[in-house]
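Heavy atoms only: backbone and side chains are in, while hydrogens, waters and symmetry mates are out. Residue numbers count from 1 along this sequence.
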Amino acid sequence: EFGIGLLSFGFMAGSFLAAGSILIKLILGNALCLARTNFLERVSLRYILGSLAFSLGWLAVGSAGGVNILCGWLIGFAGMGLFVKEFVLPALRKKAGTALFSPSESARSFTLSEKIMGVLLAASLILWTTVSVRAEDFGDALFYLSLPNLYISEGRVFGYPYHLHSYLP
């Protein structure tokens, strides 16, 4: 169960990054306006644009009545295919002898405060992750999971008159 959650999150994050990268190329072409941004800014922009694109796609699929487990896995695998095309294959095409994920020029240009914030962020994520892997001892999971279960059982996204959160995007 925990492994499936991590796999799903990896599918989602990789899909968002790849879709955002493709959207940036479509919108800006080969413009050099992103050349002055650092690594974290580029990743954030890719993630935000990709999550917007996939959210709108899921809304369209849900409104058309196509929400089901198979559709979710197909979209997840398609997103991972985009991730491999956008990031993994170009990294593998680098000349032999270079590391696959070696620090780039942008990673070396982090200021001391950015490095400290990155270490603190990584440490807090590690601590939160280890604390969150335990048995659930509260009962509001049914409240948050009731809408997705209702959408899947109905096969579409719709406003449910007895659940206020169904009207929120």
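For Glu41 and Arg46, the salt-bridge test fails: no basic side-chain N is under 4.0 Å from an acidic carboxylate O.
For Ser21 (side chain) and Leu17 (main-chain N/O), no donor-acceptor pair under 3.5 Å exists by modelled atom type.
Connection of Val43 to Met80 is established within a shared hydrophobic cluster, with ILVMFWY side chains joined at heavy-atom distances below 4.5 Å, either directly or through further cluster members. In the hydrophobic cluster analysis, where Ile, Leu, Val, Met, Phe, Trp and Tyr join through side-chain heavy atoms closer than 4.5 angstrom, Val67 is grouped together with Phe158. Clustering ILVMFWY residues whenever any of their side-chain heavy atoms sit less than 4.5 angstrom apart, transitively, puts Leu147 in a cluster other than the one holding Leu59. Leu52 and Leu26 fall into different hydrophobic clusters, where Ile, Leu, Val, Met, Phe, Trp and Tyr residues are linked whenever their side-chain heavy atoms come under 4.5 Å apart, directly or through other members. At a threshold of 4.5 Å between side-chain heavy atoms, the hydrophobic network of Ile, Leu, Val, Met, Phe, Trp and Tyr places Leu70 and Tyr151 in two separate groups.
The structure places CE of Met12 at 14.0 Å from CD1 of Ile75, a figure rounded to the nearest 0.5 Å. Atom CG of Leu45 is separated from atom CG of Leu23 by 9.5 Å, given to the nearest 0.5 angstrom. The line from CG of Leu150 to CZ of Arg156 is 9.0 Å long, rounded to the nearest 0.5 Å. Summarising the geometry, atom CG belonging to Leu121 is positioned 13.5 Å from atom CD1 belonging to Ile116; distances are rounded to the nearest 0.5 Å. Taken from CG in Leu112 to CE in Met117, the straight-line distance is 11.0 Å, to the nearest 0.5 Å. The CD1 atom of Ile22 sits 5.0 Å away from atom NZ of Lys85, with the distance rounded to the nearest 0.5 Å.
Using a 4.5 Å cut-off on side-chain heavy atoms (C-beta onward), Cys71 and Asn68 make contact.
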Could you go through Leu82 and Ser15, starting from their C-alpha distance and side-chain angles, then the distance that decides it, and tell me whether this counts as side-chain contact (heavy atoms from CB on, under 4.5 Å)?
CA-CA 7 Å; Leu82 288 175; Ser15 301; over 6 Å; no
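In this structure, Phe54 and Phe16 have tilted ring planes: the angle between them lies in the 30° to 60° band. Ring planes of Phe83 and Phe87: tilted class, angle from 30 to 60°.
Residues Gly50 and Ala19 share a closest heavy-atom pair of CA-CB, 3.9 Å. Between Ala18 and Gly79, the closest heavy-atom pair is CB-O, 4.4 Å.
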